[in-house]
Amino acid sequence: MTFKKAILCIGAGYVGGPTMALIAFKCPQYKVTVVDIDPKRIAQWKSDNLPIYEPGLDEIVKATRGRNLFFSTEIEREIKESDIIFVSVNTPTKMFGAGSGMAADLQYWEKTARQIREYAESKKIIVEKSTLPVKTALAMERILTSTENEVHFEVLSNPEFLAEGTAIKDLENPDRVLIGSRETPSGLKARDELIEIYANWVPKERIITSNVWSSELSKLVANAFLAQRISSINSITALCEKTDADILEVAQAVGMDSRVGSKFLNASVGFGGSCFKKDILNLVYLCRHYGLNEVADYWEGVVRINNYQKDRFILNMLSAMFNTLAGKKICLFGFSYKANTGDTRESPAIFIARKLIEEKAELVITDPKALNNAMIDLNGIDGKVSYVEDPYEASSGCDAIAVMTEWEIYANLDFKKIYKSMAKPAFIFDGRNILDHKRLYEIGFNVFPIGKPALTHF
Ligand code: NAD
Ligand code: UGA
């Protein structure tokens with residue numbers, strides 16, 4: 001079969017894999033290839049056991065793999081053969097040198113740019129899919145045009161807004177697709193080519209365009225705004241716990257104002273995930289770079305409150321359990337940073353687990369999809385940790401349960417049975433407010449929700 005165009009994606013991760021699978025699914029006329037430097041990851045994408053868990057992903061990969069979706073490690077050959085290259089490599093927080101702990105680590109991204117420059121033999125559209133500091137496209141252009149290579153490259157910014165756990169739904173039905181381009185004739189032509197791909201399934205009015213810098217910045221700001229909502233509601237949980245107000249009632253009352261909106265107001269033990277913290281710190285770093293310290297301080301507060309919330313959770317556990325956790329057995333319900341994913345990057349559960357071990361508690365961790373990643377995250381930790389898939393078995397004999405992830409299964413467990421099997425007094429710390437607290441209290445538990453009055457038998 002001859003394809004209209006060849007699309008390449010460099011980086012077969014949580015974004016590259018699902019995004020390209022969906023483009024292949026919706027656009028059979030394009031050949032879509034995903035490459036990665038990690039041969040193990042590519043082998044998994046070619047197998048029945050995909051490297052990431054995402055509802056609906058298996059079906060889409062099955063329908064397209066071998067038809068117009070391909071996975072490969074032959075990066076150089078694929079660069080040569082492609083017309084449009086999406087770059088979706090990781091851009092973690094830099095952990096060394098200048099900007100350590102704040103700035104984006106652009107080494108993977110820059111290697112990719114150099115590789116494209118070296119192997120491209122015909123004109124290409126380069127699409128930034130990774131989340132990058134504003135003005136990165138300019139650096140990309142400079143690298144691409146810094147040799148004798150006469151090939152023309154047009155760099156576009158097309159940030160990804162999917163959330164894990166709902167990636168396929170978000171990709172199929174995005175609130176918006178954002179494409180940033182140069183206003184030059186070749187920039188606008190490249191933009192139209194990218195619009196043409198998305199127009200196969202996204203209504204035209206939801207495909208918005210801007211200049212490159214607005215597009216790059218919008219992605220950082222979108223994540224900062226989302227995280228800010230969580231820190232806002234989480235900051236108020238602390239006040240609720242002091243005043244007998246109930247965060248669910250407050251969130252409902254505030255969120256029903258249509259100007260505020262009701263989404264993303266779920267109080268929690270803290271936000272996790274690979275992006276919120278890194279993208280806010282990146283934004284903070286950029287602001288400081290431009291001397292905008294007040295702006296930087298403002299956004300840094302979002303991360304500060306998130307750390308405070310996790311600290312508070314541990315302190316609440318300690319004070320509820322008579323100021324000592326040493327030798328107590330605590331079961332963590334969930335380890336992924338949110339439900340419906342096995343991803344544990346920056347999961348609050350990692351922080352909580354480490355702190356509990358510091359307090360000399362014994363841990364039992366249960367999670368339907370994230371136990372393998374949990375084992376990697378806590379590898380080498382100096383303390384007693386076990387990993388048990390069945391929540392009944394996991395909580396048996398424990399002094400306390402701490403809900404870390406809002407997996408639906410946890411709300412529907414037989415808590416009478418669990419209560420019977422636990423040490424007494426039995427405690428539940430609901431870090432996601434997903435359980436029926438009154439009923440748990442009636443069963444006999446001492447219940448500590450987030451931002452709601454505790455229900456105790458003492
Ligand atoms: P990831 O770590 O899951 O995947 C990145 C992949 O790139 C890895 O498999 C890595 O091996 C590969 N890679 C690195 N350097 C490479 C190179 N030179 N050549 C080929 N492959 C290379 O990361 P991710 O979660 O998919 O995130 C990718 C980007 O998308 C980040 O910038 C992130 O901020 C952004 N983003 C992520 C999400 C999300 O939900 N995870 C959502 C929106 C945006
Ligand atoms: C987030 C954004 O929602 C995506 O739009 C963005 O593309 C992505 O980051 C990214 O750039 O990586 P994600 O981190 O996958 O997606 O998941 P979210 O649903 O945003 O949840 C992030 C964290 O906030 C989770 O730990 C979640 O449990 C927590 N959260 C979310 C709350 O504590 N309360 C809420 O009300 C919502």
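Values below: all heavy atoms of this structure, side chains included; hydrogens, waters and symmetry mates excluded. Each ligand, and each atom within it, is numbered from 1 in the order the structure gives. Quick caveat, the model's predicted, so the values are computed rather than measured.
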*So with a 6.0 Å cut-off around CG of Asp48, is the heavy-atom count from everything else above 12?*
no
Distances for all N or O pairs of ligand 1 and the protein under 3.5 Å?
from: ligand 1; atom 1: 3 (O); to: Tyr14; atom 2: N; distance (Å): 3.2
from: ligand 1; atom 1: 3 (O); to: Arg41; atom 2: NH1; distance (Å): 3.3
from: ligand 1; atom 1: 4 (O); to: Arg41; atom 2: NH1; distance (Å): 3.3
from: ligand 1; atom 1: 9 (O); to: Asp36; atom 2: OD1; distance (Å): 3.4
from: ligand 1; atom 1: 9 (O); to: Asp36; atom 2: OD2; distance (Å): 2.6
from: ligand 1; atom 1: 9 (O); to: Arg41; atom 2: NH1; distance (Å): 2.7
from: ligand 1; atom 1: 11 (O); to: Asp36; atom 2: OD1; distance (Å): 2.6
from: ligand 1; atom 1: 21 (N); to: Ile37; atom 2: N; distance (Å): 3.3
from: ligand 1; atom 1: 25 (O); to: Arg345; atom 2: NH1; distance (Å): 3.4
from: ligand 1; atom 1: 25 (O); to: Arg345; atom 2: NH2; distance (Å): 3.0
from: ligand 1; atom 1: 26 (O); to: Tyr14; atom 2: N; distance (Å): 3.0
from: ligand 1; atom 1: 26 (O); to: Val15; atom 2: N; distance (Å): 2.9
from: ligand 1; atom 1: 32 (O); to: Thr91; atom 2: OG1; distance (Å): 2.6
from: ligand 1; atom 1: 32 (O); to: Thr131; atom 2: N; distance (Å): 2.9
from: ligand 1; atom 1: 34 (O); to: Thr131; atom 2: OG1; distance (Å): 3.3
from: ligand 1; atom 1: 34 (O); to: Lys278; atom 2: NZ; distance (Å): 2.6
from: ligand 1; atom 1: 40 (O); to: Glu164; atom 2: OE2; distance (Å): 3.2
from: ligand 1; atom 1: 41 (N); to: Glu164; atom 2: OE2; distance (Å): 2.9

*Could you state the interatomic distance from CG (Asp279) to OG1 (Thr91), rounded to the nearest 0.5 Å?*
6.5 Å
*Just which atoms of ligand 2 are under 4.0 Å from any heavy atom in Leu265?*
36 (O)
*Option of least heavy-atom distance to atom 29 (C) of ligand 2 (set: Ile450, Val15, Ile230, Asp279)*: Ile230
_Only heavy atoms of Cys275, strictly under 4.0 Å: list the atoms of ligand 2 that pass._
10 (C), 11 (O), 12 (O)
*Geometric N/O contact Phe161 with ligand 2, under 3.5 angstrom*: yes
_Using a 4.0 Å cutoff against the non-hydrogen atoms of Ser268, which atoms of ligand 2 qualify?_
32 (C), 33 (O)
*asked:* Heavy atoms only: which of Leu226, Asn340, Asn266 lies closest to atom 35 (C) of ligand 2?
replied: Asn266
_Where ligand 2 meets Glu160 - atom numbers and elements under 4.0 angstrom, heavy-atom basis_ = 7 (O)
*Parallel under 30°, tilted from 30 to 60°, perpendicular over 60°: which one fits the rings of Tyr53 and Trp407?*
tilted
*Indicate yes or no: does an N/O atom of Asn223 lie under 3.5 Å from an N/O atom of ligand 2?*
yes
*Over 60° means perpendicular and under 30° means parallel, so classify the ring planes of Phe415 and Phe333, tilted if in between.*
tilted
*Please state which protein non-hydrogen atom is closest to atom 8 (C) of ligand 2 and give its distance, to 0.1 Å?*
Leu162 O, 3.5 Å
*asked:* Under 4.0 Å from a heavy atom of Lys219: which atoms of ligand 2 are those, numbered in the order shown and with their elements?
replied: 6 (C), 7 (O), 10 (C), 11 (O)
*Among protein heavy atoms, which sits nearest to atom 28 (O) of ligand 2, and what does the distance come to when rounded to 0.1 Å?*
Arg432 NH1, 2.6 Å
*If you look only at pairs with a residue in residues 203-247, which of them pass as a ring pair (Phe, Tyr, Trp, His ring centres under 6.0 Å), with sequence neighbours excluded?*
Phe225-Trp299
*Do any pairs count as a ring pair (Phe, Tyr, Trp, His ring centres under 6.0 Å) and have a residue in residues 75-133, sequence neighbours left out, and if so which ones?*
none
*Got the closest protein heavy atom to atom 19 (O) of ligand 2, with its distance?*
Lys338 NZ, 2.8 Å
_Classify the ring geometry of Tyr198 against Trp201: parallel below 30°, tilted from 30° to 60°, perpendicular beyond 60°._
tilted
*Give, for atom CG of Asp343 and atom OH of Tyr337, the distance between the pair rounded to the nearest 0.5 Å.*
5.0 Å
_Is the distance from the ring center of Tyr30 to that of Phe3 below 6.0 Å?_
no
*Is there any N or O on Phe276 that sits under 3.5 Å from an N or O of ligand 2?*
no
*Starting from atom 20 (O) of ligand 2, which protein heavy atom do you reach first, and at what distance in Å?*
Phe264 CZ, 3.1 Å
*Could you list all the ring pair (Phe, Tyr, Trp, His ring centres under 6.0 Å) pairs where at least one residue sits in residues 248-267, not counting sequence neighbours?*
none
*Any idea which protein heavy atom is nearest atom 26 (O) of ligand 2, and the distance to it?*
Tyr337 O, 2.7 Å
*asked:* For Gly273, state whether at least one heavy atom is located under 4.0 Å from any atom of ligand 2.
replied: no
